[in-house]
Amino acid sequence: MREKVCRGNIDWITNLSTLLFITAGWLNIFAVVYNPDPEVKQNIFDLSLNSGKQLLWIGSLLLF
């Protein structure tokens, strides 16, 4: 019974917009450090880049 009450009290619009802003910010961080040189292989998940480090914090946020 308690599960139904908890599901009904979630503000889905606020949660989805927060997730959207977090994703947009993460992509902006990657865009700042992106190098368009084809010889440089960059991955958005690379932990040596700022976007990869930020992803660790975003992942820890989603765990809690």
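Position 1 is the first residue of the sequence, and the numbers go up from there.
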Let me check something: do [X] and [Y] share a hydrophobic cluster, defined by ILVMFWY side-chain heavy atoms less than 4.5 Å apart, either directly or through other members?
X     : Y     : result
Tyr34 : Leu55 : yes
Trp12 : Leu61 : no
Leu49 : Val40 : no

With sequence neighbours excluded, give me every side chain to side chain donor-acceptor pair (under 3.5 Å) pair touching residues 35-47. Asp46-Ser48
Show me the side-chain donor-acceptor pairs of residues 17-33 shorter than 3.5 Å, one per line, residues at least two apart or across chains.
{"residue": "Ser17", "atom": "OG", "partner": "Ile13", "partner atom": "O", "Å": "3.0"}
{"residue": "Ser17", "atom": "OG", "partner": "Thr14", "partner atom": "O", "Å": "3.0"}
{"residue": "Thr18", "atom": "OG1", "partner": "Thr14", "partner atom": "O", "Å": "2.8"}
{"residue": "Thr23", "atom": "OG1", "partner": "Leu19", "partner atom": "O", "Å": "2.9"}
{"residue": "Trp26", "atom": "NE1", "partner": "Ser51", "partner atom": "O", "Å": "2.7"}
{"residue": "Asn28", "atom": "ND2", "partner": "Ala24", "partner atom": "O", "Å": "3.2"}

So, using side-chain hydrogen bond (donor to acceptor under 3.5 Å, both in side chains) as the criterion, who are the partners of Asn50 when residues are at least two apart? none
